[in-house]
Colleague: 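Quick one: the structure is below, and I'll ask about it shortly.
Atom set for the values below is all heavy atoms of this structure, side chains included, hydrogens, waters and symmetry mates excluded. The first residue in the sequence is number 1, and the count goes up from there.
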Amino acid sequence: MEKNIYITRKIPDAGLKLLKEKGINFDMGLNTLPPTKKRLINILKKKQYDGVISFLTDSIDQEIFEACPSIKVVANFSVGYNNIDLEEIKKRGILVSNTPGTSGIAVAEHAVALMLALTTRLVEGDKFVRKGKFKGWDPELLIGTDIQGKTIGLIGVGDIGSKVAQILHRGFGSNIIYSDINENIALEQETNAQKMDMLEVLKNADIISLHVPLLPSTKHLINKESLAIMKKSAIIINTSRGPVIDEKALSYALKNGTIGGAGLDVFEFEPKITSGLIKLSNVVLTPHIASARENARNMMSVLAAKNIISAFETGKVINNIIK
Ligand code: NAD
């Protein structure tokens, strides 16, 4: 039976090729910017789509399914799925999947890159040179810190958090402490990581890196109170989802020396950035690009397509979000 899907933004050819091989028709949004909700609804109203490949920039909820009630499967092109109303999906019996395990290396490396950018003062140094301020070697210029020998606190040690631990343990001999709702015995054995309460992790870590999904229980996990517990020199890294940190509280803490620095790839009000953060030199900001690698994007494209194909062929998705 002929199937039609809508892909809200352009995905790499690797996944499209699989869809074509299976005779699945697709229309695809080709704009650089994500479609507005209104535009997406108008597009979905025009055809009886059987499925959608969506992005974290699309809010997939009741309005979408009312516009296109024929949708049977939503394959999210990302690991996180906080953009999808799972209650609505359950109510309607729609299949829903994500792309776990596709961007772990990329995001873990990016988290470590943000750590190094701050400890080496790399971005500040780059700006300094470009502004023509470099007048010769100065023993007191832009003094940084080592990662070697530091204690790294990971909040969430699933795929990405574990990979960060491995890189830091093997490459820097870091002492790893973590908090997670689940114990990760394999990681403990491999890296000597120690599980603790989150407050203990925040109190003892020199660098804290967040790797939890955005859930009601993790929204503002890092807030005024948790920032106050951290070391004054602590650096916090967020490559998970923006709202895991109360950005206003973070901006205040960074400005007032409650903590030492922050490396952020994701933002609470993305793409808006809390204005105070922009002005601070102890902050490194990247535009949600932690998974932006050719390899990761190809794997995401293939897995999203495979989930769509599996839904049509077997009535099940491979990476079912609803457990
Ligand atoms: P994962 O599911 O493998 O790991 C998440 C871990 O968080 C699990 O071990 C889980 O037990 C733990 N956890 C859940 N709730 C918790 C809580 N309340 N307190 C402590 N731990 C908790 O996911 P992953 O692949 O490691 O990805 C983590 C997140 O990273 C994703 O959900 C996504 O939002 C984000 N992400 C961001 C990018 C990016 O481009 N910046 C790319 C990929 C993923």
Side-chain angles (χ1 to χ4, degrees), residues 56 76 78-82 86 97-116 147-223 226 229-231 234-245 262-266 290-291 293 295-296 299-300 303 318-323:
L56 59 95
N76 217 36
S78 73
V79 179
Y81 45 82
N82 48 289
L86 293 185
S97 64
N98 62 343
T99 54
T102 47
S103 58
I105 295 286
V107 181
E109 286 183 0
H110 196 85
V112 175
L114 286 171
M115 292 175 197
L116 283 165
I147 288 191
Q148 183 131 22
K150 293 287 188 307
T151 296
I152 313 295
L154 300 170
I155 314 292
V157 286
D159 183 40
I160 299 169
S162 297
K163 289 187 166 80
V164 172
Q166 286 158 354
I167 295 170
L168 293 170
H169 174 73
R170 291 181 199 153
F172 296 84
S174 304
N175 173 33
I176 312 285
I177 56 177
Y178 77 92
S179 84
D180 194 301
I181 47 171
N182 298 311
E183 194 168 9
N184 190 332
I185 293 168
L187 186 74
E188 289 177 13
Q189 285 169 349
E190 194 188 343
T191 66
N192 297 325
Q194 254 186 294
K195 186 172 187 289
M196 295 179 183
D197 285 347
M198 190 181 82
L199 296 186
E200 284 299 306
V201 172
L202 298 182
K203 203 163 99 184
N204 290 298
D206 297 299
I207 300 175
I208 293 143
S209 196
L210 306 175
H211 303 287
V212 288
L214 176 59
L215 302 166
S217 61
T218 58
K219 185 174 181 206
H220 286 188
L221 199 64
I222 301 301
N223 51 37
S226 42
I229 295 166
M230 296 177 197
K231 293 183 182 181
I235 286 172
I236 186 156
I237 305 296
N238 191 11
T239 56
S240 64
R241 285 289 182 264
V244 174
I245 299 184
L264 308 173
D265 182 54
V266 288
S291 70
R293 310 271 179 92
N295 191 32
M299 286 199 286
M300 290 161 87
L303 198 50
I318 304 161
N319 307 105
N320 188 11
I321 290 174
I322 299 170
K323 300 285 184 256

Colleague: side-chain contact (heavy atoms from CB on, under 4.5 Å) with Asn319: which of Leu303, Asn76, Thr99, Val79?
Modeller: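 Output: one option passes, namely Leu303.
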Colleague: Please list, chain by chain and in numerical order, all residues satisfying salt bridge (Lys or Arg N to Asp or Glu O under 4.0 Å) with Asp206, sequence neighbours excluded.
Modeller: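 Checked Asp206 against salt bridge (Lys or Arg N to Asp or Glu O under 4.0 Å); matches are Lys231.
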Colleague: When you compare the side chains of Ser78 and Asn98, does any donor N or O come within less than 3.5 Å of an acceptor on the partner?
Modeller: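 The answer is no; no qualifying pair exists.
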Colleague: Before you tell me yes or no, could you show the steps for Lys195 and Glu200 under salt bridge (charged side-chain N to carboxylate O under 4.0 Å, His left out), namely the whole-Å CA-CA distance, both residues' side-chain angles and the distance that decides it to 0.1 Å?
Modeller: CA-CA 10 Å; Lys195 186 172 187 289; Glu200 284 299 306; over 6 Å; no
Colleague: Is a side-chain donor-acceptor pair under 3.5 Å present for Asn175 with Thr151?
Modeller: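 Side-chain D/A pair, Thr151 to Asn175: present.
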Colleague: Between Leu187 and Ala165, which heavy-atom pair has the shortest distance, and what is it?
Modeller: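 Heavy-atom minimum between the residues: CD1-CB, 3.8 Å.
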Colleague: Which heavy-atom pair separates Asn204 from Met196 by the least distance, and what is that distance?
Modeller: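 For Asn204 versus Met196, the nearest heavy atoms are ND2-SD, 4.4 Å.
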Colleague: Ile176 and side-chain contact (heavy atoms from CB on, under 4.5 Å): which partner among Asn192, Val164, Val157, Leu154?
Modeller: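 With Ile176 as partner, side-chain contact (heavy atoms from CB on, under 4.5 Å) holds for just one option, Leu154.
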Colleague: Of the non-hydrogen atoms in Ser179 and Asp197, which two are nearest, and what is the gap between them?
Modeller: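 In terms of heavy atoms, the two residues are closest at CB-C, 4.1 Å.
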Colleague: Can you name the nearest heavy-atom pair linking Ala106 to Ser291, along with the distance?
Modeller: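 Closest approach of Ala106 to Ser291: CB-CA, 4.0 Å.
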Colleague: With sequence neighbours left out, what residues match Gln194 under side chain to side chain donor-acceptor pair (under 3.5 Å)?
Modeller: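 Per chain and number, Gln194 pairs via side chain to side chain donor-acceptor pair (under 3.5 Å) with no residue.
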Colleague: Locate the shortest heavy-atom distance separating Thr239 from Val266; write the atom from each residue and the value.
Modeller: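 So the two residues come closest at C-CG2, 4.1 Å.
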Colleague: Name the one of Thr191, Ile207, Ile208, Val201 that satisfies side-chain contact (heavy atoms from CB on, under 4.5 Å) with Ile152?
Modeller: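 Testing each of Thr191, Ile207, Ile208, Val201 against Ile152, the sole residue satisfying side-chain contact (heavy atoms from CB on, under 4.5 Å) is Ile207.
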Colleague: Using the salt bridge (charged side-chain N to carboxylate O under 4.0 Å, His left out) rule, take Lys163 and Glu109 through it: C-alpha gap first, then chi angles, then the decisive distance, then the call.
Modeller: CA-CA 8 Å; Lys163 289 187 166 80; Glu109 286 183 0; over 6 Å; no
Colleague: Are side-chain heavy atoms of Ser174 and Ile147 found at a separation under 4.5 Å?
Modeller: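 The answer is yes; the side chains approach within 4.5 Å.
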